[in-house]
Protein chains: 2
Amino acid sequence: MRSRVTILDVAAEAQVSIASVSAALNDRPGVSTETRARILAVADRLGWVPSLRGRSLSGKRAYAVGLVLERATTVLESDPFFAAFIAGVESVLERRGYALVLQMAGTHKAATERYRRMALDHRVDGVFLTDMAATDPRVPLLRDLGLPAVAVNSDPGCELPSVRQDHLPGLRSLVEQVVALGHSDVAHLAGRRGLIHTRQRLAVWRSVLVDAGLRPGPVVYGDFSTESGSRAAPRLLAGPTPPSAVVCASDLMAVGLVSGAGALGLDVPSDLSVTGFDGIEIGGFLRPSLTTVATAPRRLGAAAAETLLRLLDGDRVEDVEIEATTPVLRGSLVAPRPTRSVPPRNV
Amino acid sequence: MRSRVTILDVAAEAQVSIASVSAALNDRPGVSTETRARILAVADRLGWVPSLRGRSLSGKRAYAVGLVLERATTVLESDPFFAAFIAGVESVLERRGYALVLQMAGTHKAATERYRRMALDHRVDGVFLTDMAATDPRVPLLRDLGLPAVAVNSDPGCELPSVRQDHLPGLRSLVEQVVALGHSDVAHLAGRRGLIHTRQRLAVWRSVLVDAGLRPGPVVYGDFSTESGSRAAPRLLAGPTPPSAVVCASDLMAVGLVSGAGALGLDVPSDLSVTGFDGIEIGGFLRPSLTTVATAPRRLGAAAAETLLRLLDGDRVEDVEIEATTPVLRGSLVAPRPTRSVPPRNV
DNA sequence: TTGAAAGCGGTACCAA
DNA sequence: TTGGTACCGCTTTCAA
């Protein structure tokens, strides 16, 4: 683990001062073209790579950004957003020589502490905020800490620079499709309480139904996990007049709900239509295949990283909005069976 | 972003030298008990957190370790190992004040380059190696770079310190169960060629069948993705005498295979039994529920992190083996239908 | 037990 | 265009 070669070695070998080496490497003015060429050649020959440690201490930059994932481990393990988002972030960071520091926290409190430490010990230059809550305590925290941050899918009024993908169009169009098929009793399996997108999705679901002159069906909150979807089934479907369709706030919950419905003797889609949200790959391979709303976490990650880097560069940044979500109609959504309790008119 | 408070402030406030502050904070001898207490009290009052930058430069430690994930983005997005492994790693790192630097690479070559850079610019003190190939070029690379590393599920002969979870017991027991149910024509949907665990799983599948006096069925290689499982269906099942059971090297491929079989008019489990590997949560909620082998990526991650930290501390480390995998028998595996081509003896 | 001072590997200012 | 040099914030000798 000897990295014997430092800027001093390069300077000596090229017979210049370290100041010149630094300037040459960083493409700063003040070095003649030929000196610069000589220095770079020597650096290359010696295999010199500037040490991040020295550079960080001196330059006041960690060349790293942070992401704290805050959710229960079990949920996280199958989370569809996570990996794709990070892949998008990484694709941008890599080109700029930045690294991603990933941390996980099981609780709100733990996550707060991780952010605080990352800022205090200067491990990162900025962070991403995902899973935004309506009144998110991390926003004032980061302001106090002076740590640059980019919020992902935050509320429009959020004071932080934000990147967003509009959930509404895809979901709205999906629920409209549900209504168009003839469903009049449509329930909602919502996400975790308090999260912004949980509210957004609930609001859209409700508004489409109301606009269609229908009464919104029951709402049950889950936590995005398959397990929570399964658990929600009895509460959602056990009544005397169960809904004919359930719009779920995540694909995993939708899968769980299908499973839970099956345990109650209800078949999807013949007895019940179910839709998800996220567009996880596996949804297309299930039986029935899962109707859902396709999201683009990878592009969101890339946009978030670009915004954060721009912020760190001191550029003015504006909120970014990537293309909206789109509905994906598949087998788990069909027209409802004719209701038996309401006899046909022409009898 | 002013962290005005440095070791100098603490030293001044406590009226001691910075050397004493450093010694006190790091629990080193050479400071009297009362001086130490006073220093710590002042540090606490001032809210001083030692800067990683100064510490790293001086102490020759980055207090970070790296993980380069090397797989196609699409596969990664639904990878069941990934998130859980990282969660396990993080749970250990966090307690020691270490951070995880996560990088992604789409190709072998890109991954190699990321490892090289991480070592050369001293961003991390050590790395994890996952998805070990039989002759893994990263092993000599890291040796040359002098970067400490821990291998995950490597070959027994691997020169690197390793943590492993034995795949064999769970899979062996599962295949035995398949045979015991009466399947005599059992195929295998293997993982990516060249990976160590792909070979291991293939070998176990084969040996159980051979030991039972059966001829191993066809083998098709996939890439662990759902999509690849679906694509494998025709090759695996389209022959004149399709197998009655397929043992898959991953749950996602198993799900894809079930889907692909359905497209060929084959129902699981009535026409075909399918088993997976990994034990992803969603498997228990599918129809039919997925028979699989449960793995423990989280504990593997924790063990890997502990081993790596020990290695960085200069301690002697021995390979770690966590508890073996276990089979999980569920609905996708049933006894084969009586073969029609072989008439019952008692006719 | 304490403190002064020399690094660690860069960046950047200021003279020459 | 160059080189000398003072930091950046901490760790770690080595004297006092």
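In what follows, chains are A, B, ... by sequence order, proteins preceding strands, each numbered from 1.
Residues that satisfy the side-chain hydrogen bond (donor to acceptor under 3.5 Å, both in side chains) test with A:Glu13, not counting sequence neighbours, are A:Arg45. Remark: B:Arg96 engages B:Asp313 in a salt bridge (charged side-chain N to carboxylate O under 4.0 Å, His left out) (not counting sequence neighbours). The side-chain hydrogen bond (donor to acceptor under 3.5 Å, both in side chains) search around A:Glu318 returns none, not counting sequence neighbours. Every residue was checked against the side-chain hydrogen bond (donor to acceptor under 3.5 Å, both in side chains) condition with B:Gln15, not counting sequence neighbours, and none meets it. Partners of B:Phe128 according to the ring-ring contact (aromatic ring centres under 6.0 Å, His included) rule, which considers only residues two or more places apart in sequence or in another chain, do not exist here.
Among the protein residues, B:Ser56 comes within range of no part of the nucleic acid, since none of its heavy atoms lies under 4.0 Å from any strand. Here B:Glu34 lies out of heavy-atom contact (under 4.0 Å) with every strand.
Protein atom CD1 of A:Ile39 is 8 Å distant from nucleotide atom P of D:dT2, rounded to whole Å. In this structure, CZ of B:Arg53 is placed 10 Å from C1' of D:dG9, rounded to the nearest angstrom. If you measure from atom CG of A:Leu52 to atom P of C:dC8, you get 18 Å, rounded to the nearest angstrom. Here the P atom of nucleotide D:dG9 and the NE2 atom of A:His122 are 8 Å apart, to the nearest Å. Summarising the geometry, the separation between CG on A:Asp9 and P on C:dC8 is reported as 11 Å, rounded to the nearest angstrom. Across the protein-nucleic acid pair, A:Leu57 atom CG and D:dA6 atom C1' stand 13 Å apart, rounded to whole Å. Atom CG of A:Asp27 and atom C1' of C:dA12 are 16 Å apart (whole Å). A straight line from CG of A:Leu8 to C1' of C:dA6 spans 14 Å, rounded to a whole angstrom.
At least one test fails for B:Arg192 against the ring of B:Phe224: distance under 6.0 Å to the centre or angle within 45° of the axis.
Across its full length, the helix from C:dT1-D:dA16 to C:dA16-D:dT1 shows an angle of 50° between the axes of its 5 terminal pairs at either end, rounded to 10 degrees.
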With B for base contact, S for sugar-phosphate-only contact and - for none (protein heavy atoms under 4.0 Å), nucleotides 11-16 of chain D reads BB----
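At the phosphate of C:dT2, OP1 or OP2 sits under 4.0 Å from a side-chain N or O atom of B:Ser32. Taking only side-chain nitrogens and oxygens, B:Thr6 never comes nearer than 4.0 Å to OP1 or OP2 of D:dC8. Distances shown here put every side-chain N or O of A:Ser51 at or beyond 4.0 Å from the OP1 or OP2 atom of C:dC8.
Neither side chain, B:Arg53 nor A:Ser58, offers a donor N or O lying under 3.5 Å from an acceptor on the other.
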Throw together a table of side-chain donor-acceptor distances under 3.5 angstrom for residues 97-104 of chain B, partners on residues two or more places apart or in other chains.
residue, atom, partner, partner atom, Å
B:Tyr98, OH, B:Arg61, NH1, 2.4
B:Gln103, OE1, B:Arg114, NE, 3.1
B:Gln103, OE1, B:Arg114, NH2, 3.2

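Listed by first and then second residue, the ring-ring contact (aromatic ring centres under 6.0 Å, His included) pairs involving residues 34-62 of chain A amount to none (not counting sequence neighbours).
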